[in-house]
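What follows is a single structure, and I will ask about it in a moment.
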Amino acid sequence: MTKPVDPQSGSKPADKPWFDPATPFIRNTSHNNDVAIIGGGIAGASCYYALNQLGIGATLFEQHDHLAQGASGNPIGMLEPYVTADNSLAGQFYEAGYQHSSNLVRQLLAEGRNVEAAFCGVLSLPATPRDASRQQAILDRLSKLPADDGATSVQPLDQAAASDILGLTVPTGGLFYKDAGWVNPPSLCRVLTAQATIKQGIQIARLTSLQGSGARLYDRQGLSVGDFGAVIIAGAMETANFAQTTWMRDYMVALRGQISFFSNTLLEDLKVNCVLSHKGYLTPERAGMHVFGATFDRHANNIDITENDHEANIAQLALAVPDLAARLTPGTLGGRAGLRTTTPDHLPMIGPAPDYAAYLDAYPDLDKGRYYARYCSAPYHKDVYVCTGFGARGMIGAPLAANMIACQIAGHKHDVPPLVQEALHPARYIIRAIKRGLLAP
């Protein structure tokens, strides 16, 4: 008998039954609803669009009165490549995610859809000597790839050339991603859900399984809002509010972020030609305003605008464009704050929702190193999926994640490599904890 490959070395998902694919969605003839999506931000909107592309209907539930009211409500989201020097699993996912999102936005623009976006380029400046070394390593890696590999297009610039492309004097050279840019997330959410049935102002509080397949959804008053063949929970921290997902709360972190924006009249003789990415970021004009920031705060859960955070954003901007920062004061700025959801390993949770107690019962001795034992297939909450934890990278992560989940629901294959799938799988935290002897049935 051939032994499966050691999980630490590289393998197919089938070698690790705790990461097995879920049973594909089957239409339930007892009702007309296909999939319920909980959450109307970029993740939920992307899930609807991906399902619709496969001919699967969906109903979108948003607890607020409008879509994109959380972190997806910022006026500008960067379409900036996330490239790693070592081609890490995170890099593989977000590089593919950037290409997917970029292609999606370009396609929608070509169709004449009302997405606010501009592919004006992104200038990435190193903030530290370590950043400079990393940028050089990225150049070295990308230069070795074949021209037809689909690699991210990047151009190294010296200080003078970088200043010229940006339109502002910067202290150092950097990398210029000429095909990158920005998008207005609310406009993208609206376009992605243009054909959707949207239930706004309804907070889903509970899910129960239906006999055979599917789930019934209930609102906060305990009233049923419908039966569905499958459910995708695509909220932020709210993802852990359900009995099926409450264990995820231990692996989800809310990061408060405040952005600042100022009128282009403050620029006077200056002009921002492209997106600037440094320790923070600065955008070209949109609707007469420029956006910069943003703060990251693990110790606050409010979304109030504070002058302290405006000051922090100005100080951060001064590291890259001191001439511009010198013109700004907290009193001249507008702002917006939101809570981003991230995870301990900074990768999202994408895929079927694990049954926590059943996992502990099914794989109790993984801490003994029995990698080649015969274990049962992964025990999931049937027909329930999660799509959350993108942090500040929802714009380049959520559309690809949505495509992955739509393919899983439909029983189709997708192009994300197996080891990357495992790195994103929600059950990874349960399996790691069992292997470390931290959990027991």
Per the ring-ring contact (aromatic ring centres under 6.0 Å, His included) rule, what does the pair list look like for residues 47-70, sequence neighbours excluded?
F61-F228
Restricting to side chain to side chain donor-acceptor pair (under 3.5 Å), what partner residues turn up for S209, sequence neighbours left out?
none
Would you tell me whether N103 and Q99 have side-chain atoms, one donor and one acceptor, within less than 3.5 Å of each other?
no
Who passes salt bridge (Lys or Arg N to Asp or Glu O under 4.0 Å) against E238, sequence neighbours left out?
none
Please examine the side chains of H381 and P354, heavy atoms only from C-beta on, and report whether any two atoms are closer than 4.5 Å.
no
Test of understanding: with side chain to side chain donor-acceptor pair (under 3.5 Å), list the residues that count as partners of D345, not counting sequence neighbours.
T343, R428, Y429, R432
Any residue meeting side chain to side chain donor-acceptor pair (under 3.5 Å) with R336, in chain and number order, not counting sequence neighbours
N74
Tell me which pairs pass ring-ring contact (aromatic ring centres under 6.0 Å, His included) where either residue lies in residues 73-102, with sequence neighbours left out.
Y82-Y94
Would you mind listing every salt bridge (charged side-chain N to carboxylate O under 4.0 Å, His left out) that reaches into residues 100-127, with sequence neighbours excluded?
E111-R113, E116-R286
Is there side-chain contact between V231 and I38, with at least one heavy-atom pair below 4.5 Å?
yes
Taking the side chain as every heavy atom from C-beta outward, state whether F262 and L324 have any pair of such atoms under 4.5 Å apart.
yes
When rounded to the nearest 0.5 angstrom, what distance separates CD in Q221 from CD1 in I202?
9.5 Å
Salt bridge (charged side-chain N to carboxylate O under 4.0 Å, His left out) contacts touching residues 204-219 (sequence neighbours left out):
R216-D227
Can you pull the ring-ring contact (aromatic ring centres under 6.0 Å, His included) pairs that have at least one residue in residues 339-358, sequence neighbours excluded?
W247-Y356
Would you give me the side-chain donor-acceptor pairs under 3.5 Å for residues 402-412, sequence neighbours excluded?
none

Would a 4.5 Å heavy-atom cut-off, applied to side chains only, mark Q421 and H414 as touching?
yes
Could you check whether any side-chain heavy atom of T193 comes within less than 4.5 Å of a side-chain heavy atom of I198, counting everything from C-beta outward?
yes
Are Q136 and R134 close enough that a side-chain donor and a side-chain acceptor fall under 3.5 Å?
no
Would you call Y380 and T23 a side-chain contact if the rule is heavy atoms closer than 4.5 Å?
no
Mind checking what makes side chain to side chain donor-acceptor pair (under 3.5 Å) contact with R141, not counting sequence neighbours?
N87, E95
Who are the salt bridge (Lys or Arg N to Asp or Glu O under 4.0 Å) partners of R340, not counting sequence neighbours?
none
Flag side-chain contact, heavy atom, 4.5 Å: Q200 against L60
no
